[in-house]
There are 2 protein chains.
Amino acid sequence: MTQKPASKSECTAAMLPVKDALEVLHGRWTLPIIIALRFGKKRFREIAREVEGITDKVLSKELKELELNQLVTRKVYDSFPPTVEYEITPHGESLGAVLESLRTWGTAHRKKIMGRK
Amino acid sequence: MTQKPASKSECTAAMLPVKDALEVLHGRWTLPIIIALRFGKKRFREIAREVEGITDKVLSKELKELELNQLVTRKVYDSFPPTVEYEITPHGESLGAVLESLRTWGTAHRKKIMGRK
DNA sequence: GATAGTGCTTTCCTATAGTATAGTGCTATC
DNA sequence: GATAGCACTATACTATAGGAAAGCACTATC
């Protein structure tokens, strides 16, 4: 699909939203967290346990970012030991299609590059 | 779409290829380069001019990575002033669908977060 | 009354990505 | 014969992501 003469503005326009999306998905932890939450709402400690290797500091930071991006909501029940629930938003759920296409391509890529598995 | 009990292995399996795909797409420059090449084969200097801000060193490194990932091919014509042509492979082209879904989601995200534009 | 669990925050440190700048061997042009 | 273009490579720096470890206010349990 080799197209038109390719002006700079065309490239930029084509790229901006893609860049936005990738900025949301980038880091090492964003994805594992989102995927964990796609299986149902969870508390801080639960996420920390499921996303192995992450430190509290980083998890806390990532969750803040996800909240800013309106991908998850944070509900605080101020009970005796603090209870905070994180839940994915509809907007977060809408990442499903993106994840699916990444998964499809990633699978093909993996076969291509690594031969198998 | 809140699903099953969510075992660790399920999450991992769901994630691996997605992670692979994101690893290919990550960095600041990969995408601009790929998009530039989707408009047609180009020489080193042409890419350098189109992807503004990139330095030669980084471009050279990124192109090597893309070649390793079999997303672009490198053809050297050993003429008087060196001529090297980079062209996207079919596998590289197959990123189109991914890019498209990233673009779609990114557009929605942009509207949601920034209010407009 | 010591211990453990909760959801964080703080400090300090390292690794990696990216930047800036210059240089190389060669040629064609002025 | 100076300059500029080509496709790189080299060196040395900065910025950002993330890691390790501890602390905090609080409570329920032993």
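Worth knowing before you read on, the calculation uses all heavy atoms, side chains too, and leaves out hydrogens, waters and symmetry mates. Model, not experiment: these values are computed from the prediction. Every chain is numbered from 1, with letters handed out A, B, ... down the list of sequences.
B/Y77 comes within 4.0 angstrom of no nucleic acid atom, judged by non-hydrogen atoms across all strands. Within the 4.0 angstrom heavy-atom criterion, no nucleotide atom of any strand lies near A/E46. Within 4.0 Å of A/G27, counting heavy atoms only, lie sugar-phosphate atoms of the nucleic acid but no base atom. At the heavy-atom level, B/E85 lies nowhere under 4.0 Å from the strands shown.
Among D/dC8, C/dT11, C/dT21, the nucleotide with an atom closest to any side-chain atom of A/K57 is C/dT11. Distance from the side chain of B/K64 is smallest to D/dT9 among C/dT11, D/dT9, C/dT19. Comparing atom distances between the B/W29 side chain and each of C/dG18, C/dG7, D/dC6 picks out C/dG18 as nearest. Residue A/S60 has its side chain nearest to C/dC8 when only D/dC8, C/dC8, D/dA21 are considered. When distances are taken from the side chain of B/R49 to each of D/dC6, D/dA7, C/dG7, the shortest belongs to D/dC6.
OP1 or OP2 of C/dG7 sits under 4.0 Å from a side-chain N or O of A/R43. For D/dC8, the OP1/OP2 oxygens have a side-chain nitrogen or oxygen of B/R74 closer than 4.0 Å. Between C/dA15 and A/R28, no contact under 4.0 Å exists linking OP1 or OP2 to a side-chain N or O.
As rounded to whole Å, 16 Å separates atom C1' of C/dT9 from atom CD of A/E62. For the pair B/L22 CG and D/dA17 P, the computed distance is 16 Å after rounding to whole Å. Protein atom CD1 of B/I47 is 11 Å distant from nucleotide atom C1' of D/dA7, rounded to whole Å. One atom, CD of A/E67, and another, P of C/dC8, lie 9 Å apart when rounded to the nearest Å. The CG-C1' distance, from A/L59 to D/dG19, rounds to 14 Å in whole Å. When rounded to the nearest whole Å, the span between CD1 of B/I54 and P of C/dA17 equals 14 Å. Regarding A/L25, its CG atom lies at a distance of 16 Å from the P atom of D/dA17, rounded to whole Å.
Annotation: of the two residues near DNA chain C, B/K61 and B/D56, the 5′-most nearest-nucleotide partner is B/K61. If you find the closest nucleotide of DNA chain D to A/V58 and to B/F44, the one lying nearer the 5' end belongs to B/F44.
No salt bridge links A/K111 with B/D20; every basic N to acidic carboxylate O contact stays at or beyond 4.0 Å. Ionic pairing of A/E100 and A/R103 is present here: one or more N-O contacts between side-chain nitrogen and carboxylate oxygen are shorter than 4.0 angstrom. A salt bridge is defined here as a Lys NZ or Arg NE, NH1 or NH2 lying under 4.0 Å from an Asp or Glu carboxylate O, and B/E85 with B/K75 fails to meet this definition.
Ring to ring, A/H26 and B/H26 are not that close: their centroids are 6.0 angstrom or more apart.
With hydrophobic clusters built from ILVMFWY side chains whose heavy atoms lie under 4.5 angstrom apart, A/Y77 does not share a cluster with A/Y86.
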